[in-house]
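None of the values given here were measured: they were computed from a predicted structure.
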Amino acid sequence: MNTNYDRHRTERVLSLALDLGKSMIKCGAEMNRVEETVIRICYAYDMKSTEVFSVVSMITATVTDEGGRTHTQTRRIYSYSINFDKLEQLNALSRKICAEKPDTETARAELEKIMVPSRLFNPIVLFGYMLAAAGFAVFFGGTVMDGIATVPISVMIYLLNSFVKVTGASRLFFTALTSALSGALALLFVYIGFGSNADMIMIGNIMLLIPGLMMTNSVREMLCGDLMSGILRLLESVILALSIAVGYAIPIYISGLLGV
């Protein structure tokens, strides 16, 4: 009976650690931080050894319990984004687990509370989108009217990005779609007189889509020794940048053919 209890306890601890690690990856954490978190949680619950491997799309771990039995579990990550608020809460939870060693059911309840899906509409974040787009448009040489013209486009970008985060839809496809719609709206606004520089309007909105943080994290991970994860993130950021370029190029090319 004790043997079964220990085996089940080990499986629950490993499951909790991997689910927390998966949640951290989904919120944009670095791989070395994720692996260290999983290892610390397993050691906090008296695992003899823990081996963890994680990339942006998968995390797997093998632990050896006090009885010498090995246990392996894997988690698949289908989508992730940057959410520093939830990531901070997850880090706090991991430290609490290591310090207090609560039962796995209590810790899992707190994890599920943190990972409740965010609401689709957040007015503070939306205001940040609008302010950033307008600011960049004016900063790079656009007029005040160009800055104002970026506002409705930034609202559309925010809504599509929120949809991707909530539903886990294809980020590559929606990035290209968002870019194409943004470029088309910028050209349309200038055509009807709502703004005078389509390129400045596009620049203001394109800054909302560029995966700069993802590229920065990829370089950081490679410098920290996580070459595979860093290369995967770098490739993804480059592909996303290409999809943005293609998306904006489509309406520009079509407008050129139409002589608009």
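Around the CE atom of Met228, the shell of radius 6.0 Å holds no more than 12 heavy atoms that belong to other residues, nucleotides or ligands. Annotation for Arg33: atom CZ does not count as buried by contact number, only 12 or fewer foreign heavy atoms lying within 6.0 Å. Around atom CZ of Arg40, no more than 12 heavy atoms belonging to other residues, nucleotides or ligands sit under 6.0 Å away. Sparse packing is recorded around CD of Glu51, with 12 or fewer heavy atoms of other residues, nucleotides or ligands lying under 6.0 Å away.
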Check the pair Glu35, Val38 against side-chain contact (heavy atoms from CB on, under 4.5 Å), reporting the backbone distance first and the verdict last. CA-CA 5 Å; Glu35 292 176 359; Val38 174; 5.9 Å; no
Trace of the side-chain contact (heavy atoms from CB on, under 4.5 Å) decision for Leu16 with Arg12: CA-CA 6 Å; Leu16 171 65; Arg12 290 196 300 271; over 6 Å; no
Is there a side-chain contact (heavy atoms from CB on, under 4.5 Å) between Thr178 and Phe163? Walk through the geometry before answering. CA-CA 12 Å; Thr178 303; Phe163 175 79; over 6 Å; no
Between Arg233 and Met222, does the side-chain contact (heavy atoms from CB on, under 4.5 Å) criterion hold? Intermediate values first, please. CA-CA 10 Å; Arg233 282 190 193 269; Met222 286 188 285; over 6 Å; no
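The main-chain N or O of Asn83 is never found under 3.5 Å from a side-chain atom of Lys26 such that the two would form a donor-acceptor pair. Looking only at distances, no side-chain donor or acceptor of Asn197 sits under 3.5 Å from a matching main-chain atom of Asp199. In this structure, the side chain of Arg75 does not engage the main chain of Met58 through any donor-acceptor pair within 3.5 Å. For the pair Arg9 (side chain) and Tyr45 (backbone), a donor-acceptor distance under 3.5 Å is present. Put simply, the side chain of Asp226 never gets that close to the backbone of Gly230: no donor and acceptor are under 3.5 Å apart.
Aromatic ring pairs are classed by plane angle as parallel below 30°, tilted from 30° to 60° and perpendicular above 60°; the pair Tyr158 and Tyr129 is perpendicular.
Atom CG of Leu235 and atom CE of Met214 lie 11.5 Å apart (nearest 0.5 Å). The structure places OG of Ser15 at 13.0 Å from NE2 of His8, a figure rounded to the nearest 0.5 Å. Here the NZ-CD1 distance, from Lys22 to Ile77, works out to 6.5 Å after rounding to the nearest 0.5 Å. Rounded to the nearest 0.5 Å, atoms CG (Leu240) and OG1 (Thr175) are 5.0 Å apart. Of the inter-residue distances, the one linking Leu90 atom CG with Arg95 atom CZ reads 10.5 Å to the nearest 0.5 angstrom. In this structure, the separation between OG1 on Thr10 and CD on Glu66 is 8.0 Å, given to the nearest 0.5 Å.
Side-chain contact annotation: Glu11 with Gln73, donor-acceptor N/O pair under 3.5 Å present. A side-chain donor-acceptor contact under 3.5 Å links Asp146 and Thr143. When only modelled atom types and interatomic distance are considered, Thr70 and Thr62 share no side-chain donor-acceptor pair under 3.5 Å.
Of all non-hydrogen atoms in Gly195 and Ile201, the two that sit nearest each other are CA-CD1, 4.5 Å. When every heavy atom of Thr60 is checked against every heavy atom of Leu18, the shortest pair comes out as C-CD2, 4.4 Å. Heavy-atom minimum distance, Met130 versus Val151: SD-CG1, 3.4 Å. Residues Met31 and Glu221 share a closest heavy-atom pair of N-OE2, 3.2 Å. The two residues Val13 and Cys42 come nearest to each other via the heavy atoms CG1-CA, 4.4 Å. When every heavy atom of Phe140 is checked against every heavy atom of Ile203, the shortest pair comes out as CD1-CG2, 3.5 Å.
Residues Tyr80 and Met215 do not share a hydrophobic cluster, clusters being chains of Ile/Leu/Val/Met/Phe/Trp/Tyr side chains in contact below 4.5 Å. Follow the hydrophobic side-chain contacts under 4.5 Å out from Val34 and you reach Met115 in the same cluster. Under the 4.5 Å side-chain heavy-atom criterion for grouping Ile, Leu, Val, Met, Phe, Trp and Tyr, Val190 is connected to Val144 within one hydrophobic cluster. Val238 is not connected to Ile206 by any chain of hydrophobic side-chain contacts under 4.5 Å among Ile, Leu, Val, Met, Phe, Trp and Tyr, and they are in different clusters. When the side chains of ILVMFWY residues are joined at heavy-atom separations under 4.5 Å, either directly or via intervening members, Met202 and Leu242 end up in two distinct hydrophobic clusters.
Each of Leu234, Val56, Asn217 was evaluated against Ser229; a single residue qualifies, Val56, per the side chain to side chain contact (heavy atoms under 4.5 Å, CB included) test.
Side chains of Leu20 and Ile97 form a contact here, defined as non-hydrogen atoms less than 4.5 Å apart. Residues Asn32 and Arg220 have side chains in contact (heavy-atom distance under 4.5 Å, counting atoms from C-beta outward). Using a 4.5 Å heavy-atom cutoff, the side chains of Pro152 and Phe189 are in contact.
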